[in-house]
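Lettering of chains follows the sequences in order, A, B, ..., and the numbering in each one begins at 1.
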2 protein chains.
Amino acid sequence: MFRTNESFYSFIEDLYNQPALRDQISLKVYDKGDFLLQQGDTLARVLIIREGIAKCYSTEDNGKDFIRQFMGKGQQVGDLEVIKGIKCMNNVQAITPLTAFAVAVPYFRHLYSTNLKFSSILMEELADRLIITDTKATLQQLYTLEHSLRKLLELMEIQQLTISKEDMASYLGISVRSLNRILKTL
Amino acid sequence: MFRTNESFYSFIEDLYNQPALRDQISLKVYDKGDFLLQQGDTLARVLIIREGIAKCYSTEDNGKDFIRQFMGKGQQVGDLEVIKGIKCMNNVQAITPLTAFAVAVPYFRHLYSTNLKFSSILMEELADRLIITDTKATLQQLYTLEHSLRKLLELMEIQQLTISKEDMASYLGISVRSLNRILKTL
DNA sequence: CGTAATCCGGGACAATTGTCCTTTTTTGAA
DNA sequence: TTCAAAAAAGGACAATTGTCCCGGATTACG
């Protein structure tokens with residue numbers, strides 16, 4: 001469900017607490033519903049969530065949304081884009097009040113290309129994300145919706161997370177009508 | 001369709017050509033149909049494809065296969081598993097005759113944790129793979145099969161790649177029956 | 001060249017899912 | 001508390017996809 005990364009969080013928090021780095025790392029505050037980033041944006045800063053939860057999704061040509069993941073403490077927004085030097089691919093929107101550390105792009109680049117600890121944390125994070133992404137795709141391609149939905153509800157229960165039915169449907173890549181139907185059958 | 005990574009290939013080839021590193025990097029040869037790796041294996045070496053094409057897929061509890069990607073020159077097999085320290089998650093099987101560089105795991109670890117050039121190539125590769133994976137998942141969740149199939153056929157045409165209908169179906173996450181049906185309608 | 005075994009395509013039916021629209025529930029203001 | 005507006009739920013139908021299975025084509029081998 002929503003992912004966190006404590007190592008990343010600690011690392012960035014330490015940096016934030018160093019007065020010398022205050023122009024490289026700032027703190028941003030968002031209300032529920034605010035966008036941290038939108039498709040097509042050029043990145044000025046990489047954000048690392050300090051507190052709160054956001055949804056990361058893309059809006060396709062056909063008007064449908066697909067939620068890739070829910071992001072929690074220590075998750076980064078925009079890292080891929082900086083590594084690849086491209087514009088923002090997804091919308092990232094707060095679904096709770098949220099605060100985030102904002103790291104200037106050149107400094108972020110400096111970190112992962114010179115700091116081995118940082119680059120190893122980043123590499124692990126990318127690897128994790130790949131595994132999760134693959135797992136999710138497989139789950140949704142090869143199993144029944146009922147199966148996927150049960151998994152999702154379990155995770156929401158464990159993480160004490162409440163999300164709207166619309167978001168649940170977008171996460172599963174189905175219509176709200178189908179979601180309701182399956183919920184009925186347990 | 002199938003991916004390649006020239007930077008990775010060159011980097012590894014250079015190492016392979018250094019006599020001092022011959023016990024760290026060897027060359028392996030596979031026939032069509034041979035497994036480079038199977039789900040559950042413990043990794044002894046990370047493989048980098050030198051020539052040929054392999055399919056990377058997982059077999060699920062329900063007996064279905066899901067092909068994640070087709071891998072060509074310069075693609076690595078087992079990198080994620082080494083980074084995360086886990087057992088092999090996918091089956092990787094040659095679909096053409098294939099040769100690969102085999103890098104000892106400790107040396108691979110040494111490379112990405114001490115060599116900045118290598119770790120930056122690796123990081124770019126992971127980022128690319130994430131983007132591709134996300135794109136594929138979105139395509140298959142939000143668009144019609146006909147749309148996905150057209151894309152697949154285009155890529156096969158461009159890359160001059162022929163794959164079996166069974167593999168095409170596994171790649172798209174559908175049954176061969178459905179694939180045939182859509183092929184009929186163009 | 002003939003026969004059996006295997007493979008592949010497609011018909012028929014059932015199950016699943018989306019779209020559209022009506023009904024029910026919830027919300028908010030007077 | 002009441003009623004209108006908005007949101008959520010669900011019925012009906014159509015489209016899509018999977019499962020099962022049959023029949024024609026291909027292959028292998030005597």
Side-chain angles (χ1 to χ4, degrees), chain A residues 31-34 55 57-68 70 91 93-96 135-154 156-157 161-186, chain B residues 31-34 55 57-68 70 93-96 136-154 156-157 161-186:
Chain A
D31 286 330
K32 176 173 174 172
D34 284 356
K55 64 174 175 180
Y57 66 99
S58 64
T59 301
E60 298 303 309
D61 306 335
N62 57 15
K64 296 183 183 175
D65 285 347
F66 185 54
I67 297 182
R68 299 245 150 68
F70 292 93
N91 302 300
Q93 188 178 17
I95 61 171
T96 67
T135 306
K136 186 186 171 210
T138 306
L139 188 74
Q140 296 185 355
Q141 281 292 325
L142 262 40
Y143 291 86
T144 60
L145 274 184
E146 185 186 332
H147 187 266
S148 302
L149 179 57
R150 277 184 199 281
K151 289 262 178 192
L152 176 60
L153 290 173
E154 273 171 34
M156 286 171 58
E157 177 66 27
L161 178 68
T162 310
I163 55 181
S164 69
K165 286 196 176 180
E166 201 180 338
D167 280 353
M168 287 173 63
S170 291
Y171 182 77
L172 296 171
I174 60 175
S175 65
V176 175
R177 182 68 192 90
S178 301
L179 179 68
N180 277 324
R181 205 147 27 199
I182 305 165
L183 281 172
K184 275 259 157 182
T185 69
L186 272 194
Chain B
D31 286 332
K32 177 173 174 173
D34 285 355
K55 63 175 174 179
Y57 67 99
S58 64
T59 302
E60 297 304 307
D61 304 337
N62 57 14
K64 296 183 182 176
D65 286 346
F66 186 54
I67 297 182
R68 299 245 150 70
F70 292 93
Q93 188 178 16
I95 60 171
T96 68
K136 186 186 169 209
T138 305
L139 188 74
Q140 296 186 355
Q141 282 291 327
L142 263 41
Y143 291 86
T144 60
L145 275 184
E146 184 185 331
H147 188 267
S148 302
L149 180 57
R150 278 184 199 280
K151 289 264 178 192
L152 176 58
L153 290 173
E154 273 172 32
M156 286 172 57
E157 178 66 27
L161 177 67
T162 311
I163 55 180
S164 69
K165 286 196 176 179
E166 200 180 338
D167 280 353
M168 287 172 64
S170 291
Y171 183 77
L172 296 171
I174 61 175
S175 64
V176 175
R177 182 70 193 86
S178 301
L179 178 68
N180 277 325
R181 207 149 23 201
I182 305 162
L183 282 172
K184 276 257 155 184
T185 69
L186 271 194

Original post:
Between A/N62 (side chain) and B/L142 (backbone), is there a donor-acceptor pair under 3.5 Å?
Top reply: yes

Subject >> Backbone of A/Y171 reached by a side-chain donor or acceptor of A/Q140 within 3.5 Å >> reply: yes

**OP:** Write down the distance between NZ (A/K184) and C1' (C/dT24), rounded to a whole number of angstrom.
**Re:** 11 Å

Subject >> Step-by-step side chain to side chain contact (heavy atoms under 4.5 Å, CB included) determination, A/L152 to A/M156 >> reply: CA-CA 6 Å; A/L152 176 60; A/M156 286 171 58; 4.1 Å; yes

Original post:
Atom CG of A/L172 to atom P of C/dT17: distance rounded to whole Å?
Top reply: 11 Å

Original post:
Just wondering, more than 12 heavy atoms not from B/E60 lying within 6.0 Å of its CD?
Top reply: yes

Subject >> B/L142 CG to C/dT19 C1', straight-line distance once rounded to whole Å >> reply: 16 Å

Distances under 3.5 Å between protein N/O atoms and the N/O atoms of nucleotides 19-25 of chain D, please, pair by pair.
none

Original post:
Taking only residues two or more places apart in sequence or in another chain, which ones pass side-chain hydrogen bond (donor to acceptor under 3.5 Å, both in side chains) with B/S175?
Top reply: B/S178

**OP:** Quickly work out the A/Q141 CD to D/dT17 P distance and round it to whole Å.
**Re:** 11 Å

Subject >> Donor-acceptor pair, side chain of B/Q93 and main chain of B/K55, under 3.5 angstrom >> reply: no

Subject >> SB check A/R150 A/E154 (cutoff 4.0 Å) >> reply: no

With 3.5 Å as the limit, what N/O pairs link the protein to nucleotides 6-8 of chain C?
none

Original post:
Roughly how many Å is it from CG in B/L149 to P in D/dT16, rounded to a whole number?
Top reply: 14 Å

Original post:
In whole angstrom, what separates B/I182's CD1 from C/dG10's P?
Top reply: 13 Å

Subject >> Distance in angstrom units between B/E146 CD and D/dA15 C1', rounded >> reply: 13 Å

Subject >> Minimum side-chain heavy-atom gap A/T144-A/I182 below 4.5 Å >> reply: no

Original post:
What's the CG-P distance between A/L183 and D/dA9, to the nearest Å?
Top reply: 9 Å

Original post:
Should the pair B/K136 and B/F66 be classed as cation-pi, given the thresholds of under 6.0 Å to the six-membered ring centre and 45° from the axis?
Top reply: yes

